[in-house]
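Encoded as structure tokens, the structure appears first; notes follow it.
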2 protein chains.
Amino acid sequence: MNSIKELFVNRYSLSPENFDLFYSNITEVTRSKGEAIISKGEIHHSVYFIKKGAVRSYYINADGKEITYWFGFEGDVIASLGNFVESKPSLETIELLEDVVLLKIDRTKLIELYNTNVELANFGRQLAETGLLEMEQQILLNQVTDAKTRYLSLIEKHPQILQRVKLGQIASYLGITQVTLSRIRAQK
Amino acid sequence: MNSIKELFVNRYSLSPENFDLFYSNITEVTRSKGEAIISKGEIHHSVYFIKKGAVRSYYINADGKEITYWFGFEGDVIASLGNFVESKPSLETIELLEDVVLLKIDRTKLIELYNTNVELANFGRQLAETGLLEMEQQILLNQVTDAKTRYLSLIEKHPQILQRVKLGQIASYLGITQVTLSRIRAQK
DNA sequence: CCCACATTTTAACATATGTAAAAAGAATTC
DNA sequence: GAATTCTTTTTACATATGTTAAAATGTGGG
């Protein structure tokens with residue numbers, strides 16, 4: 001069986017039976033590096049879990065520059081939040097940094113599961129709350145620490161990120177230019 | 001009856017009956033300006049909704065400076081997320097900027113409600129997902145726009161914030177010094 | 001109304017970051 | 001393996017922001 005089951009059953013209070021119910025609604029899809037899984041301006045009807053691979057979420061600013069604001073790796077959830085929560089067109093594009101394997105579930109089906117199964121509803125709640133905590137920590141980190149510290153903590157958290165992600169994308173994620181990132185890296 | 005009911009029933013798919021069940025576990029508390037509702041290092045056992053008043057959440061950085069990273073107003077939820085999600089001591093302090101009226105619910109009781117009532121579990125899920133969307137938008141805003149734009153959008157979103165919050169706190173929220181904020185205000 | 005205290009603005013200077021362009025280094029293709 | 005293209009680093013300069021301190025303004029108490 002797949003390790004996603006262990007991950008879900010252990011991390012969230014989900015019984016094996018309800019995991020199986022959840023999993024029976026999932027389809028595994030593969031996509032290639034460079035593709036966009038969710039594009040700006042579109043409405044999407046699926047939520048994904050990353051089984052294998054890396055993705056980034058970016059936004060295009062007023063100057064037309066791509067600003068990366070999230071990296072996703074194995075185990076992370078991909079959803080266009082504006083889409084999912086408010087059924088509004090996506091502001092962001094989610095792009096595949098590598099060939100990926102995704103677990104896909106239909107949004108309507110997922111909500112149906114949530115509405116009919118207390119345990120799955122609480123699984124969904126915990127999924128969102130965990131995300132909330134991570135985002136709060138990122139907001140805190142962005143506000144409290146300088147770019148150098150954030151760069152160091154990023155490579156500590158994802159040691160392989162330098163091999164998987166381009167420095168220009170990391171720089172925009174850190175809120176600095178690539179030139180500044182180069183200076184930080186030279187310092188060390 | 002109170003308008004919190006309308007707010008909850010309309011904003012989240014919560015039936016009046018289940019709202020009443022939820023509300024029967026709530027106690028209304030008043031606290032005075034300057035008090036800390038949640039303090040750094042402590043474990044808390046309650047979640048709050050702001051009925052009246054303003055609060056801020058701050059973190060103390062390596063230099064001992066208070067960094068405000070969240071303002072809460074009427075209708076917002078107050079919870080120490082690290083606390084709530086992972087039962088870890090709070091990193092932040094939540095301080096009252098005004099005299100407030102809070103709706104308080106015991107964490108254990110809330111989780112019990114979530115675990116036994118599918119509708120309330122989905123209410124909790126939507127609460128977290130809505131928070132997630134707001135946080136994502138804040139992360140985006142912080143990364144995409146400069147301090148001046150964020151200042152202007154902050155006072156647009158909360159027109160009374162200048163009367164309710166000190167400029168030094170707003171500056172730290174924007175990630176700049178108070179001197180820079182003064183310069184921005186002078187420009188306009 | 002005046003005084004003491006808190007808050008905000010202004011000034012002067014040092015430092016960090018952005019911009020634009022060139023140079024260096026890697027990776028890919030033929 | 002030479003040539004092309006993409007990525008990263010470096011340089012030089014302009015601008016924005018931080019720091020520290022002083023001045024100005026606002027606020028509440030007696």
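Letters A, B, ... are given to chains in the order of the sequence lines, protein chains preceding strands, and every chain is numbered from 1.
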Original post:
If each of A/Ala147 and A/Val179 is mapped to the nucleotide of DNA chain C with the nearest heavy atom, which maps nearer the 5' terminus, i.e. the 5' end?
Top reply: A/Ala147
Subject >> Protein-nucleotide distance (A/Arg185, atom CZ; D/dT9, atom P), rounded to Å >> reply: 4 Å
Subject >> Ring center gap for B/His158 and B/Phe71 short of 6.0 angstrom >> reply: no
**OP:** Nearest whole angstrom, please: distance from the C1' of C/dT8 to the OH of B/Tyr151.
**Re:** 12 Å
Original post:
NZ of B/Lys33 versus P of D/dT27: gap in Å, rounded?
Top reply: 12 Å
Original post:
Rounded to the nearest Å, what distance is computed from the NZ atom of residue A/Lys148 to the C1' atom of nucleotide C/dA16?
Top reply: 13 Å
Original post:
Does the separation of the ring centres of A/Tyr69 and A/Tyr58 fall below 6.0 angstrom?
Top reply: no
**OP:** Please round to 10 degrees the angle between the axis of the first five pairs and the axis of the last five pairs in the helix from C/dC1-D/dG30 to C/dC30-D/dG1.
**Re:** 40°
Original post:
Do the charged groups of A/Glu66 and A/Arg56 touch, with an N to O distance under 4.0 Å?
Top reply: yes
Original post:
Are any side-chain N or O atoms of B/Asn61 and backbone N or O atoms of B/Asp63, one a donor and one an acceptor, separated by less than 3.5 Å?
Top reply: yes
Original post:
Rounded to whole angstroms, how far apart are CD on B/Gln187 and C1' on D/dT15?
Top reply: 12 Å
Name each donor-acceptor pair under 3.5 Å that joins a side chain in residues 160-176 of chain B to protein atoms two or more places apart or in another chain, with its distance.
{"unit_1": "B/Arg164", "atom_1": "NE", "unit_2": "B/Glu98", "atom_2": "OE1", "d": "3.4"}
{"unit_1": "B/Arg164", "atom_1": "NE", "unit_2": "B/Glu98", "atom_2": "OE2", "d": "2.6"}
{"unit_1": "B/Arg164", "atom_1": "NH2", "unit_2": "B/Glu74", "atom_2": "OE2", "d": "3.3"}
{"unit_1": "B/Arg164", "atom_1": "NH2", "unit_2": "B/Glu98", "atom_2": "OE1", "d": "2.8"}
{"unit_1": "B/Ser172", "atom_1": "OG", "unit_2": "B/Thr68", "atom_2": "N", "d": "2.8"}
{"unit_1": "B/Ser172", "atom_1": "OG", "unit_2": "B/Gln169", "atom_2": "O", "d": "3.2"}

Subject >> A/Phe49/A/Phe8 aromatic ring centres below 6.0 Å >> reply: yes
Subject >> Student check: side-chain heavy atoms of A/Val100 and A/Thr30 closer than 4.5 Å >> reply: no
Original post:
Under 4.0 angstrom, heavy atoms only, what part of the nucleic acid is B/Leu181 near: base, sugar-phosphate, or nothing?
Top reply: nothing
**OP:** Respond yes when some side-chain nitrogen or oxygen of A/Thr180 is under 4.0 Å from OP1 or OP2 of C/dT17, and no when none is.
**Re:** no
Subject >> N/O donor-acceptor pair under 3.5 Å between A/Asp76 side chain and A/Phe73 backbone >> reply: yes
Original post:
Rounded to the Å, how far apart are B/Gln178 CD and C/dT7 P?
Top reply: 9 Å
**OP:** Look only at the side chain of A/Thr149 and the backbone of A/Thr145, and say whether a donor-acceptor pair between them is shorter than 3.5 Å.
**Re:** no
Original post:
Just to confirm, is there a sub-4.0 Å distance from OP1 or OP2 of D/dT9 to any side-chain nitrogen or oxygen of A/Arg183?
Top reply: no
Original post:
Of all of residues 158-170 of chain A, which get a heavy atom below 4.0 angstrom from DNA chain D, listed by number?
Top reply: A/Lys166, A/Leu167, A/Gly168
Subject >> side-chain N/O B/Thr177 vs D/dG18 OP1/OP2, d < 4.0 Å >> reply: yes
Subject >> Separation of C/dG18 P from B/Gln143 CD (nearest whole Å) >> reply: 12 Å
Original post:
Rounded to whole angstroms, how far apart are CD1 on A/Ile176 and P on D/dT9?
Top reply: 12 Å
